[in-house]
Amino acid sequence: MTDTAVPLLWSGDLPSTLEFYRALGYTVTHEQTRPYVYAAIEQNGCALHFTPAPPGIELPVERAASLLMVDDVATRHAEYTAALRAHYGKIPSKGCPRITRYRPGQSRFSLVDPVGNTVLVIQRDEPMELDYGGSRELEGLARVLDNARILRDFKNDNRAATRAVEAGLHRFGATATTLDRARAYAALAELAITTEDTDRLAHWKSEFDSVELTSEERTAIITGSSDLLSAWLIATD
């Protein structure tokens with residue numbers, strides 16, 4: 001005997017919600033507006049259902065909604081990113097809807113639909129003990145960057161990540177290695193891209209360009225970056 005749990009998500013705008021998931025490749029298996037609003041979608045045997053929020057409940061702008069376990073999180077992120085770019089003309093990385101960044105080795109990312117439902121996409125064999133940053137094997141700016149990685153990639157808190165890296169540069173920048181300073185500038189540039197802050201992007205791009213890197217060091221930064229930042233770094237070569 002096999003049981004199946006189906007997430008029931010709250011949707012205040014069903015047409016835009018279904019349009020979003022259709023763009024990702026989901027199939028709408030049920031859609032109705034009377035006698036009440038209800039819909040169901042499915043992809044790879046995984047179903048999500050949608051219904052209006054109960055009367056009198058004011059939903060937060062974003063809310064945790066569902067975990068989606070997949071065999072290959074990198075491939076799924078690439079597929080969703082390509083689909084969203086094709087649908088919206090760009091990768092939505094701010095507000096609702098959006099998809100969070102992905103970098104090599106990452107085991108999860110978040111997908112936020114137009115009404116704020118957050119689907120956390122997780123590698124099925126993600127390690128039981130995750131590296132939550134701030135490794136004691138690191139020190140100075142390298143440890144700061146490790147902490148900022150968690151704020152950025154797991155907590156989706158770009159503001160806190162920005163503050164952490166800027167404070168780390170102020171404290172450790174003078175003694176940090178050239179490569180770590182370049183990584184910090186690249187991280188701040190990525191955060192500026194995500195928040196669509198063109199002034200800060202121009203500033204951190206200038207700082208990044210001022211660092212003398214070998215081709216191997218620049219390649220290491222690109223290959224270890226998120227897809228969003230990698231595209232930007234390659235475009236500025």
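Remember, predicted model here, so these are calculated numbers, not experimental data.
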Chemist: Could you pull out all residues at least two apart from Arg171 that satisfy salt bridge (Lys or Arg N to Asp or Glu O under 4.0 Å)?
Modeler: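 Once residues adjacent in sequence are excluded, Arg171 has no partner under the salt bridge (Lys or Arg N to Asp or Glu O under 4.0 Å) criterion.
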Chemist: If we ignore hydrogens and angles and just use 3.5 Å, is the side chain of Arg124 paired with the main-chain N or O of Met69 as donor and acceptor?
Modeler: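 Side chain of Arg124 to backbone of Met69, a donor-acceptor pair under 3.5 Å: yes, one is there.
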Chemist: If you round to the nearest 0.5 Å, how far is CG of Leu24 from OG1 of Thr81?
Modeler: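 Separation between the atoms: 9.5 Å.
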Chemist: For Leu138 versus Arg143, what's the shortest heavy-atom pair and its separation?
Modeler: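 Answer, listing the atom of Leu138 first, then Arg143: O-CD, 3.6 Å.
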Chemist: About how many Å separate CG of Asp197 and NE2 of His203, when rounded to the nearest 0.5 Å?
Modeler: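 So the NE2 of His203 and the CG of Asp197 are separated by 11.0 Å.
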Chemist: Aromatic rings Phe109 and His77: how do their planes relate, parallel, tilted or perpendicular, breaks at 30° and 60°?
Modeler: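 Ring orientation, 0 to 90° scale: perpendicular.
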Chemist: Any donor and acceptor pair, going by atom type alone, linking the side chain of Ser110 with main-chain N or O of Thr100 inside 3.5 Å?
Modeler: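 No; zero donor-acceptor contacts below 3.5 Å.
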Chemist: Please report the closest heavy-atom contact between Val211 and Ala182, naming both atoms and the distance.
Modeler: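 For Val211 versus Ala182, the nearest heavy atoms are CG1-CB, 4.1 Å.
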Chemist: Please list, one pair per line, the donor and acceptor atoms closer than 3.5 Å that link side chains of residues 83-91 to other protein atoms, with sequence neighbours excluded.
Modeler:
| from | atom 1 | to | atom 2 | distance (Å) |
| --- | --- | --- | --- | --- |
| His87 | NE2 | Glu19 | OE2 | 3.3 |

Chemist: Could you check Tyr36, Tyr21, Trp10 and say which one makes a ring-ring contact (aromatic ring centres under 6.0 Å, His included) with Phe50?
Modeler: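 Among Tyr36, Tyr21, Trp10, the one that satisfies the ring-ring contact (aromatic ring centres under 6.0 Å, His included) with Phe50 is Tyr21.
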Chemist: Measuring from Leu68:CG to Gln43:CD, what's the distance to the nearest 0.5 Å?
Modeler: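 Reported value, rounded in 0.5 Å steps: 8.0 Å.
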Chemist: Of the non-hydrogen atoms in Ala65 and Leu9, which two are nearest, and what is the gap between them?
Modeler: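 That closest heavy-atom pairing would be CB-CD2, 3.5 Å.
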Chemist: Under 3.5 Å, side chain of Gln123 to main-chain N/O of Val73, donor-acceptor pair present?
Modeler: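 Pair found, side chain donor or acceptor close to backbone of Val73.
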Chemist: So, taking the atom named CG in Asp180 and the one named CD1 in Ile221, what distance separates them when rounded to the nearest 0.5 Å?
Modeler: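 Spacing of CG (Asp180) from CD1 (Ile221) equals 9.0 Å.
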Chemist: Ion pair present between Arg76 and Asp72, side-chain N to carboxylate O less than 4.0 angstrom?
Modeler: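 Between Asp72 and Arg76 there is no salt bridge, as every charged N stays at least 4.0 Å from the carboxylate O atoms.
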Chemist: For the pair Val37 and Gln32, evaluate side-chain contact (heavy atoms from CB on, under 4.5 Å) and give the outcome as yes or no after the intermediate values.
Modeler: CA-CA 6 Å; Val37 174; Gln32 69 179 52; over 6 Å; no
Chemist: I need the Ile41 CD1 to Leu48 CG distance, nearest 0.5 Å.
Modeler: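 Answer rounded to 0.5 Å: 4.5 Å.
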Chemist: Measure the spacing between CZ of Arg181 and CD of Glu207 and express it to the nearest 0.5 Å.
Modeler: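 If we round to the nearest 0.5 Å, Arg181:CZ and Glu207:CD are 9.0 Å apart.
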Chemist: Measuring only between side-chain heavy atoms, which start at C-beta, is Tyr185 closer than 4.5 Å to Leu169?
Modeler: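 Touching, per the 4.5 Å side-chain cut-off.
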